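One structure is given below, encoded as structure tokens.
Values in this document were obtained by computation on a predicted structure and should not be read as measured data.
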Amino acid sequence: HKNADIVDELIRIGRGVDIGTNLGHETRRSIAYSLCNLSASPSNLPAIVELGGLDLIIFLGRKGRKDSDGASSNVCDDNDCADNDLTASLATIKKIAASNPEYRGHLVSTGALDIIDLGIKRRLDSCGQQAVAAGSGHQRPLLVVELACSIMYLLSLNEHNKVSMLEHS
């Protein structure tokens with residue numbers, strides 16, 4: 001399958017890039033977005049999951065978090081950029097979780113719960129600040145929170161994930 005070869009090459013390059021530099025971060029970020037875009041075709045999902053693309057997609061959502069090598073995962077300096085990265089990461093995670101029950105365990109073991117947690121906390125914090133600034137207690141539905149809740153539901157359909165989800169919280 002030609003696209004599997006492309007996905008494999010993107011993942012290989014994304015993993016090999018030096019994320020200790022801005023250029024390396026932007027390269028990995030661009031590759032993660034490429035994987036998110038390629039996930040629009042259901043036929044690409046097996047290659048993305050089975051060849052190890054989940055860690056790059058999860059990398060995209062980590063604003064201010066540290067990777068295992070100690071480097072910051074997201075080079076975005078402005079919140080809009082980081083929010084877009086987080087939203088793209090969560091939307092792709094949701095698509096993968098909905099596509100195949102077998103992928104749900106991969107998502108949990110790769111760190112999707114951290115991204116979901118980060119998304120909910122960041123959005124609820126910013127929503128509370130916006131409501132206070134506007135003098136209103138009314139909060140509009142937020143895409144990131146909706147995505148996070150949908151993913152949590154999908155992941156909880158896997159019996160093995162339930163324990164991991166409880167331990168994570």
Can you tell me how far the [atom1] atom of [X] sits from the [atom2] atom of [Y], to the nearest 0.5 Å?
| X | Y | atom1 | atom2 | result |
| --- | --- | --- | --- | --- |
| Glu50 | Ile11 | CD | CD1 | 10.5 Å |
| Leu90 | Glu146 | CG | CD | 12.0 Å |
| Leu54 | Ile48 | CG | CD1 | 8.5 Å |

Is the backbone N or O of [Y] less than 3.5 Å from a side-chain atom of [X], with the two atoms forming a donor-acceptor pair by type?
| X | Y | value |
| --- | --- | --- |
| Arg15 | Gly52 | yes |
| Ser30 | Glu26 | yes |
| Ser99 | Ile96 | yes |

Does [X] share a hydrophobic cluster with [Y], counting links as ILVMFWY side-chain heavy atoms below 4.5 Å and allowing steps through other members?
| X | Y | result |
| --- | --- | --- |
| Leu143 | Ile93 | yes |
| Ile13 | Ile6 | yes |
| Tyr153 | Leu147 | no |
| Leu154 | Leu86 | no |

Looking at [X] and [Y], what are the two nearest heavy atoms and their distance?
| X | Y | answer |
| --- | --- | --- |
| Ser150 | Lys94 | CB-CE, 3.7 Å |
| Ala112 | Ile58 | N-CD1, 3.5 Å |
| Ala4 | Leu51 | O-CD1, 3.7 Å |
| Ala88 | Cys36 | O-SG, 3.9 Å |
| Arg104 | Asn161 | O-ND2, 3.3 Å |
| Thr92 | Ser39 | CG2-OG, 3.5 Å |

Could you please spell out the steps behind the side-chain contact (heavy atoms from CB on, under 4.5 Å) verdict for Leu155 and Leu113? CA-CA 9 Å; Leu155 295 179; Leu113 295 177; 4.0 Å; yes

Going by side chain to side chain contact (heavy atoms under 4.5 Å, CB included), Tyr33 matches just one of Leu38, Leu56, Asn84, Ile57. Which one? Asn84

With Glu9 via salt bridge (Lys or Arg N to Asp or Glu O under 4.0 Å) - residues at least two apart: Arg12

Report the residues that fulfil salt bridge (Lys or Arg N to Asp or Glu O under 4.0 Å) with Glu159, sequence neighbours left out, ordered by chain and then residue number. Lys162

Crowded around His168 NE2? As in, over 12 foreign heavy atoms under 6.0 Å? yes

Set out, in order, the CA-CA distance, both residues' side-chain angles and the distance that settles side-chain contact (heavy atoms from CB on, under 4.5 Å) for Phe59 and His25, then state yes or no. CA-CA 10 Å; Phe59 164 87; His25 261 97; 3.9 Å; yes

